[in-house]
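Just below is one structure, and these are the notes that go with it.
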Amino acid sequence: MNIMQMMKQAQGIQKRLKDTQQELANLEITGEAANGAVKVICDGQGKFKSIKLTAEAIDPENPSAVDSDTVEMLEDIISSAIKQASDKASKAMEDKMKAVTGGLNIPGLNF
């Protein structure tokens, strides 16, 4: 195999990696707990997207006492905390990977 064939093959792999990453980013994967009282949605790359709570998750003894504003407020503050932690983790990973690669952009590593 000559160098031109190798470069063409590498470009094909790079395009497939990019397409696969986009496909994964567009996926929605749901995890549930407490018989569906808590649902968390992530994309195919494991990035948090949203959380949904039911009144039963907040007050199983008296769910009718929980209003929709309380549910929404809890979803918002939990989402905010998860996104903040995820952003910090991504930044830490990026910093560590740049230290390892010397700032080189290696296709497929996304940092």
Side-chain angles (χ1 to χ4, degrees):
M1 181 181 293
N2 68 34
I3 191 74
M4 292 305 287
Q5 287 174 320
M6 288 174 55
M7 289 185 67
K8 187 173 181 176
Q9 186 177 20
Q11 287 173 337
I13 291 169
Q14 187 174 14
K15 181 184 181 337
R16 286 195 309 269
L17 276 172
K18 186 176 181 178
D19 291 347
T20 300
Q21 288 171 342
Q22 185 61 48
E23 183 181 324
L24 289 169
N26 291 332
L27 280 178
E28 284 195 352
I29 299 168
T30 303
E32 295 184 13
N35 294 320
V38 178
K39 293 182 182 179
V40 174
I41 299 173
C42 293
D43 67 16
Q45 296 172 326
K47 294 180 183 171
F48 171 80
K49 292 181 88 173
S50 67
I51 187 168
K52 293 294 177 201
L53 305 171
T54 65
E56 290 79 13
I58 298 164
D59 188 352
E61 300 297 318
N62 189 11
S64 61
V66 180
D67 64 25
S68 62
D69 289 342
T70 300
V71 172
E72 187 176 331
M73 184 261 314
L74 284 171
E75 289 172 348
D76 288 347
I77 62 174
I78 292 168
S79 293
S80 180
I82 292 171
K83 286 177 182 175
Q84 185 183 73
S86 181
D87 289 346
K88 287 179 180 180
S90 292
K91 176 73 171 116
M93 181 189 73
E94 179 181 322
D95 291 346
K96 293 281 186 188
M97 294 303 288
K98 281 185 178 176
V100 169
T101 65
L104 279 175
N105 183 14
I106 299 174
L109 291 183
N110 280 348
F111 56 87

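The structure displayed is predicted, hence computed values, not measured ones.
The distance from the CD atom of Gln14 to the CG atom of Leu17 is 7.5 Å, given to the nearest 0.5 Å. Taking NZ of Lys91 as the start and CD of Glu94 as the end, the distance is 5.0 Å to the nearest 0.5 Å. Thr54 contributes atom OG1, which lies 10.5 Å from atom CG of Asp59 (distance to the nearest 0.5 angstrom). Annotation: the span from Ser68 atom OG to Glu75 atom CD amounts to 10.0 Å, rounded to 0.5 Å. Rounding to the nearest 0.5 Å gives a distance of 13.0 Å between NZ of Lys8 and CD1 of Ile13. We find the CD-NZ distance between Glu72 and Lys52 to be 8.0 Å, quoted to the nearest 0.5 Å.
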Do any side-chain atoms of residues 25-39 form donor-acceptor pairs under 3.5 angstrom with protein atoms, and if so which ones, sequence neighbours left out?
from: Asn26; atom 1: OD1; to: Gln22; atom 2: NE2; distance (Å): 3.4
from: Asn26; atom 1: ND2; to: Gln22; atom 2: O; distance (Å): 3.3
from: Glu28; atom 1: OE2; to: Lys49; atom 2: NZ; distance (Å): 3.2

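For the residue pair Phe48 and Ser79, the shortest heavy atom distance occurs at CZ-OG, 3.5 Å. When every heavy atom of Asn2 is checked against every heavy atom of Met4, the shortest pair comes out as OD1-N, 3.0 Å. Smallest separation of non-hydrogen atoms from Ala55 and Pro63: CB-O, 3.4 Å.
Met73 and Leu53 end up in the same hydrophobic cluster when Ile, Leu, Val, Met, Phe, Trp and Tyr side chains are linked at under 4.5 Å. Residues Val66 and Ile77 share a single hydrophobic cluster, defined by chaining ILVMFWY side chains whose heavy atoms lie under 4.5 Å apart.
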Apply side chain to side chain contact (heavy atoms under 4.5 Å, CB included) to the pair Gln9 and Gln5, showing each step before the final yes or no.
CA-CA 6 Å; Gln9 186 177 20; Gln5 287 174 320; over 6 Å; no

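Under 4.0 Å is where a charged nitrogen must lie from a carboxylate oxygen, and between Asp87 and Lys83 no such pair does.
Judged by distance alone, with hydrogens and angles left aside, the side-chain atoms of Ser86 form no donor-acceptor pair with the main-chain N or O of Ile82 at under 3.5 Å.
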